[in-house]
Amino acid sequence: MWSDNRFNALDGWNARLIIIWKWLAVLLVLRVLWGILFNYPSYFPADFESPFLIDREKDFHDIYRTSFYVHIVSSPIALIIGLFLVSSYSRRWLPRVHRIFGRIQIATVCLTVAPSGIVMSFYALGGVMSTAAFLFLSVLTAATALLGFRSAVIGQFKDHQRWMWRCWILLSSAIVLRLLTMVLSPFGWEPLMLYRFTAWLSWLMPLMVLELTNWLLMEARPQRIRSTKL
């Protein structure tokens, strides 16, 4: 049986971990956003010698080109808005602003980020494995946003918070993908194999960490309630 001291220690550890994660997330999002904006001159017009567009000239037309531009514009917006929305300060001190930006976030994710991601997934490097990874990612991102919105509408705010954390974790897969590429590239992975691997790991790994954290907290809560009753 857990003592109150152990529960308090767990709560304290979780609080510190969340604070550290949030600040790291802020720095990483801003760093990736800067990297994206820094490369914008290579996208307007498209420079097929730039790292992201290399060997893309044959695909860069019609629906892919439109989806590409929609995605690179809307994804940073969704990341920044999501970072604001998952903050407890926005919910506590700016509830009206939180609701307004929440609606903007749902619309951005479901109408631009996810649809453009679905289209782009069919042109992903690495073949079927990469396509499946990004396709699942796009669909799950939209689904978590819609479920988060539904939870808020019916007043289930704990569920709303959990769904929107899942949504933001999935949106931040672009950050994790870049970090994994930087970490694993020196180990001599074959480039396409590395891309296939990181395409899956970039969102499965942080999502699993989040779900494990949620599960541990849910397991600990009934034990704490029983402990206080004894």
Side-chain angles (χ1 to χ4, degrees), residues 4-37 71-114 137 140-176 178-179 203 206-225 228:
D4 286 344
N5 288 336
R6 292 183 66 183
F7 280 115
N8 290 335
L10 178 63
D11 286 345
W13 183 84
N14 285 331
R16 288 191 294 271
L17 183 63
I18 290 171
I19 291 172
I20 293 171
W21 166 250
K22 285 181 177 178
W23 279 108
L24 286 175
V26 170
L27 294 175
L28 287 171
V29 167
L30 293 177
R31 174 63 184 87
V32 172
L33 180 60
W34 166 251
I36 293 172
L37 294 176
H71 201 74
I72 66 169
V73 171
S74 61
S75 293
I77 294 173
L79 276 170
I80 294 298
I81 294 177
L83 193 61
F84 168 75
L85 292 173
V86 297
S87 167
S88 60
Y89 296 105
S90 72
R91 298 191 303 271
R92 188 179 307 163
W93 303 110
L94 300 166
R96 181 177 175 81
V97 176
H98 181 92
R99 287 192 295 271
I100 293 171
F101 275 92
R103 293 185 177 92
I104 295 173
Q105 176 76 336
I106 300 301
T108 301
V109 170
C110 295
L111 299 180
T112 58
V113 176
L137 171 62
L140 286 175
T141 303
T144 54
L146 288 173
L147 288 168
F149 178 72
R150 177 181 177 275
S151 298
V153 169
I154 62 179
Q156 296 178 349
F157 296 111
K158 287 293 183 183
D159 287 341
H160 166 72
Q161 187 176 353
R162 283 192 287 267
W163 282 117
M164 295 316 296
W165 261 109
R166 292 179 181 117
C167 182
W168 192 84
I169 287 292
L170 293 171
L171 286 170
S172 66
S173 62
I175 298 168
V176 182
R178 285 162 174 78
L179 291 174
W203 60 272
L207 190 60
M208 289 174 63
V209 171
L210 177 66
E211 294 303 325
L212 178 61
T213 302
N214 286 337
W215 180 79
L216 289 173
L217 291 174
M218 290 177 67
E219 286 292 305
R221 192 173 295 115
Q223 296 183 47
R224 183 170 192 174
I225 292 172
T228 56

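As a basis for the values below, the full set of heavy atoms in this structure was taken, side chains included, without hydrogen atoms, waters or symmetry mates.
Legend: residues meeting ring-ring contact (aromatic ring centres under 6.0 Å, His included) with Phe157, ordered by chain and number and at least two apart, are absent. Residues satisfying the ring-ring contact (aromatic ring centres under 6.0 Å, His included) criterion with Phe149, sequence neighbours excluded, are absent altogether.
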**Request:** Would you please test Leu212 and Met208 for side chain to side chain contact (heavy atoms under 4.5 Å, CB included) and show each step?
**Result:** CA-CA 6 Å; Leu212 178 61; Met208 289 174 63; over 6 Å; no
**Request:** Go through Thr141 and Trp203 one step at a time and tell me if the side chain to side chain contact (heavy atoms under 4.5 Å, CB included) criterion holds.
**Result:** CA-CA 10 Å; Thr141 303; Trp203 60 272; over 6 Å; no
**Request:** Take Ile106 and Met164 through the test side chain to side chain contact (heavy atoms under 4.5 Å, CB included) and record every step on the way to the result.
**Result:** CA-CA 10 Å; Ile106 300 301; Met164 295 316 296; 3.9 Å; yes
**Prompt:** Passes side chain to side chain contact (heavy atoms under 4.5 Å, CB included), Arg92 versus His98? Steps please.
**Reply:** CA-CA 9 Å; Arg92 188 179 307 163; His98 181 92; over 6 Å; no
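For the residue pair His71 and Pro76, the shortest heavy atom distance occurs at O-CD, 4.1 Å. Between Ser74 and Thr108, the shortest heavy-atom distance links the atoms O-CG2, 3.9 Å. The two residues Cys110 and Ala142 come nearest to each other via the heavy atoms SG-O, 3.9 Å.
Taken to the nearest 0.5 Å, the CD1 atom of Ile81 stands 5.5 Å off from the CD1 atom of Ile104. Taken from CG in Leu94 to CZ in Arg99, the straight-line distance is 11.0 Å, to the nearest 0.5 Å.
Enclosure of atom CZ in Phe101 is not indicated, since only 12 or fewer non-hydrogen atoms of other residues, nucleotides or ligands lie within 6.0 angstrom.
Ser172 contributes a side-chain N or O that, together with a main-chain N or O of Ile169, makes up a donor-acceptor pair within less than 3.5 Å. In this structure, Trp168 contributes its side chain and Leu79 its backbone to a donor-acceptor pair below 3.5 Å.
A cation-pi arrangement, defined by a distance under 6.0 Å to the six-membered ring centre and an angle within 45 degrees of its axis, is absent between Arg162 and Trp165.
For the side-chain contact (heavy atoms from CB on, under 4.5 Å) with Leu171, the qualifying choice from Leu137, Thr144, Leu83, Val113 is Val113, the only one to do so.
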